[in-house]
**Q** 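Got a structure for you, written out below as structure tokens; questions coming shortly.
For ligands, and for the atoms within them, numbers begin at 1 and follow the listed sequence. In this text the structure is predicted, and so the values were computed from the model without any measurement.
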Amino acid sequence: MIAEIIINSNAKALNRIFDYIVPKEMENDIFVGARIYVPFGRGSKLEDGFVIGLKKESEFANKEIAKIIYEMSIPEEKMELAKLMARKYFCNISDCIKLMLPPGTSGKEATNWAKEKTGKFVCLAKEEIEIEEAIASGDIKSDKHKKVLEFLLDNDEVYLPDLEKILEVTSSVFKTLEKNGYVEIVEKQIERNPFINKNVEKDEPKILNEEQQRAYDAISFCIENNEPTKSLIYGVTGSGKTEIYMQLIGKAISLGKTAIMLVPEISLTPQMVDRFLARFGDNIAILHSKLSIGERYDEWQKIAEGKAKIVIGARSAIFAPVKNLGIIIIDEEHDMSYKSDMAPRYHAKDLAKYITEKASCPLVLGSATPDISTYKQALDNEIAIFKLTKRANESSLPEVELVDLRYELSQGNKSMLSLKLQKEIKENLKNKKQTILFLNRRGYSTFVLCRECGEPVKCPNCNISLTYHKFENALKCHYCGFQMPVVKKCPNCQSDKVKYFGTGTQKLEDEIHKIFPEASTIRMDIDTVSKKNSHEEILNKFKNENIDILIGTQMVVKGHHFPNVTLVGVIAADGALNIEDYNASQKTFQTLVQVAGRAGRESEKGRVIIQTYNPDHYAISYATKQDYELFYNAEIALRKMLKYPPFCDIIMIRFVGKNINDIESLSNAVYSNLQNLIDTSNTFVYKPFPSPVDKIKNKYRWRIILKGKVNNKMLNTIYKALEVKHIEGVSISVDINPNNMM
Ligand code: ADP
Ligand code: ZN
Ligand code: ZN
């Protein structure tokens with residue numbers, strides 16, 4: 001027997017299939033997906049790899065597989081998925097396999113996460129009642145000691161480093177407590193539990209309203225009968241989608257099945273996790289990038305061992321090692337984060353379709369503003385659609401008003417805030433209500449321009465202007481992180497007529513302080529969010545300390561619930577529209593609807609002010625009306641005309657490298673292949689051209705764009721066209737329907 005194997009390496013030369021002989025005694029044990037050691041190269045050094053196929057014979061095989069490593073293997077169906085992904089997304093199989101292995105175990109050096117899994121734990125050394133008495137009687141004098149004991153009364157046993165972090169105490173505190181016989185410190189297996197410190201109240205399923213019930217009944221039937229149907233639950237925020245998800249998951253669990261729920265990375269907030277914890281207890285595992293590798297490893301193991309039946313996670317949780325899958329739910333299905341921008345450039349929604357079909361279980365997509373392609377499928381009856389037309393808690397949708405910034409300017413108002421928005425903010429300050437201001441640009445001034453020679457100050461590594469950051473008093477590149485001190489003279493012509501233009505969140509905050517000196521503000525953008533939980537800390541601070549105004553970028557848009565926010569201001573709705581991107585209108589519409597949804601989520605009606613230079617643009621005017629259907633009709637007509645998805649796929653072949661001549665010749669070679677191979681009756685090929693940002697980190701960037709349907713034939717053609725003589729230092733990548741056209 002012969003095994004086709006790939007070596008677990010990124011080296012380009014190894015990115016191919018090798019044939020190895022399966023020794024007789026291994027024949028019964030070998031399987032597709034097995035991780036193996038094989039002697040490789042001249043010295044026959046042992047390398048690790050994966051079996052991707054088995055066959056009877058081969059004329060090339062002359063060495064034998066040395067060993068199977070069972071615990072680091074993946075099941076055959078996962079290997080099939082990896083192979084499919086590699087082909088469809090133009091990437092290495094080994095990069096796809098990595099997504100399917102327990103976190104931290106893909107590299108050779110890191111293969112032993114499980115072994116390092118012991119650590120120091122703290123628990124009480126006396127009965128609870130004795131500890132309580134000791135605290136009550138004043139035997140425990142130090143506040144820190146009290147804090148620790150009280151915490152341990154609520155939580156049986158806690159990982160020492162976590163305790164130090166949570167309570168902000170040093171290890172000497174524990175040593176003293178141990179010496180005095182109050183606590184015990186024990187060495188044991190770590191279950192790095194991200195839900196530590198959680199005491200959530202149990203929550204019961206709600207009685208569904210008629211619309212919810214209809215969706216639930218239909219989908220729950222499919223879970224029960226193993227029907228791989230697709231459904232869209234379409235309803236505004238607060239219409240009770242999550243409640244349906246939870247009851248469907250409950251159904252799957254009651255049948256002994258498992259469930260995967262994907263949410264956008266940024267929505268994985270503790271509040272959201274708490275809701276699921278309250279309903280399902282620790283039957284859930286959470287997977288996302290903010291967890292440490294150790295924590296992710298543990299969550300993964302919990303799933304693999306069947307201790308957790310429900311997986312909640314961002315994009316890559318689609319690869320979780322669930323068994324007996326009963327349902328996949330993708331919340332906010334329109335969200336861009338389900339598509340990976342890095343290799344493997346997969347789309348979790350596509351894979352979810354594949355996985356649910358294989359597992360014969362339903363796929364549920366949910367959104368208030370479905371992706372245009374999804375909604376078209378629903379209208380075409382390819383997906384079942386369930387509409388939720390009311391907010392479950394009966395709160396009404398906010399009132400949205402548009403402000404034309406051109407008019408504002410003509411009236412001599414040069415401020416970033418229109419008179420209308422200023423008036424509303426003032427009103428909110430007076431009534432002690434909170435306000436969110438959204439501006440999707442960080443920093444202070446977005447570019448620095450010399451009025452003498454007309455040149456902007458650019459990053460030396462990227463072809464993009466630098467942004468002025470006032471707090472650091474520096475010019476920063478948002479693409480490569482380059483930073484330099486503020487310039488007084490133009491680096492180009494030495495003139496001192498440099499002026500700062502454009503606005504960012506820092507400047508907005510400054511302006512707010514000038515106009516409303518009494519207002520308290522907090523800012524949320526990449527510059528203020530950096531530590532592990534800081535995103536959460538800012539939001540909690542805003543909420544708990546009742547700060548008047550939250551100023552932020554995209555991050556403020558999603559999923560949070562602030563009862564006291566009654567006003568939302570969008571400073572510039574146009575930002576994304578000017579970017580060359582087939583998704584620009586959809587992104588603008590979705591963002592505006594979502595940000596508007598932050599206002600007035602309780603009894604009080606919310607107000608939303610959208611400022612714009614393009615009040616007539618359909619994405620903006622229909623967002624103002626909060627009318628998805630109107631937007632959909634306009635957008636789908638336009639996409640049909642322009643041959644954009646879903647009518648075509650946009651295929652971007654990107655060339656990146658240090659030498660511009662190499663890029664030009666390579667892209668031209670591929671282009672001429674494409675011209676010869678492509679069926680031009682249904683596919684359009686654009687000439688190679690520099691990308692909109694044509695230099696990042698000192699590497700030039702060109703691209704070829706194709707518009708056509710991606711199917712097997714198209715994939716074959718592109719692979720063939722890419723068969724050009726490799727040039728050292730130029731990388732080629734293929735991205736299908738990219739999120740980012742830059
Ligand atoms: P969505 O996911 O669409 O934003 P949620 O499921 O979070 O909506 O529901 C919004 C609020 O309404 C939540 O507080 C939820 O508990 C409540 N809710 C949802 N469905 C019901 C119901 N059938 N009866 C009572 N309350 C409900
Ligand atoms: Zn100049
Ligand atoms: Zn740069």
**Q** Determine, using ring centers only, whether F386 and Y234 are less than 6.0 Å apart.
**A** no

**Q** How about C462: does one of its N, O or S atoms come closer than 2.8 Å to the Zn ion (ligand 3)?
**A** yes

**Q** Under 6.0 Å between ring centres, would you say that holds for Y628 and Y375?
**A** yes

**Q** Measuring from atom 1 (P) of ligand 1, which candidate in G238, G597, A368 has the nearest non-hydrogen atom?
**A** G238

**Q** Between the side chains of E728 and K658, is the shortest nitrogen-to-carboxylate-oxygen separation below 4.0 Å, so that they form an ion pair?
**A** no

**Q** Step by step, would you call I327 with I219 a side-chain contact (heavy atoms from CB on, under 4.5 Å)?
**A** CA-CA 9 Å; I327 190 168; I219 300 164; 4.0 Å; yes

**Q** Checking contacts here: is it the side chain or the backbone of I207 that comes within 4.0 Å of ligand 1, counting heavy atoms only? Could be both or neither.
**A** backbone

**Q** Taking 4.0 angstrom as the limit, do D527 and K476 come out as a salt bridge?
**A** yes

**Q** Using a strict cut-off of 4.0 Å, indicate which atoms of ligand 1 neighbour a heavy atom of N209.
**A** 23 (N)

**Q** Does G235 come within less than 4.0 angstrom of ligand 1, counting non-hydrogen atoms of the residue?
**A** no

**Q** Which atoms of ligand 1 have any heavy atom of V236 under 4.0 Å away?
**A** 3 (O)

**Q** Tell me which part of E243 gets within contact of ligand 1: side chain, backbone, both or neither, using heavy atoms under 4.0 Å.
**A** both

**Q** Between SG of C453 and SG of C493, what angle is found at the Zn ion (ligand 2), rounded to 10 degrees?
**A** 110°

**Q** Any Lys/Arg nitrogen of K251 or E224 sitting under 4.0 Å from an Asp/Glu carboxylate oxygen of the other?
**A** yes

**Q** Ion pair present between D735 and R345, side-chain N to carboxylate O less than 4.0 angstrom?
**A** yes

**Q** Ring-plane angle category for Y444 and Y468, please: parallel below 30°, perpendicular beyond 60°, tilted otherwise.
**A** perpendicular

**Q** Between E399 and R607, is there a side-chain N and carboxylate O pair less than 4.0 Å apart?
**A** no

**Q** Between M272 and ligand 1, which part of the residue brings a heavy atom under 4.0 Å of the ligand: side chain, backbone, both or neither?
**A** neither

**Q** Touching ligand 1 at all, M246? Heavy atoms, strictly under 4.0 Å?
**A** no

**Q** How wide is the angle at the Zn ion (ligand 3) spanned by C459 SG and C480 SG, rounded to 10 degrees?
**A** 100°

**Q** Enumerate the atoms of ligand 1 whose separation from the nearest heavy atom of G240 is less than 4.0 angstrom.
**A** 1 (P), 3 (O), 5 (P), 6 (O), 8 (O), 9 (O), 19 (C)

**Q** Would you mind running through ligand 1 and noting each atom that sits below 4.0 Å from a heavy atom of T237?
**A** 4 (O)

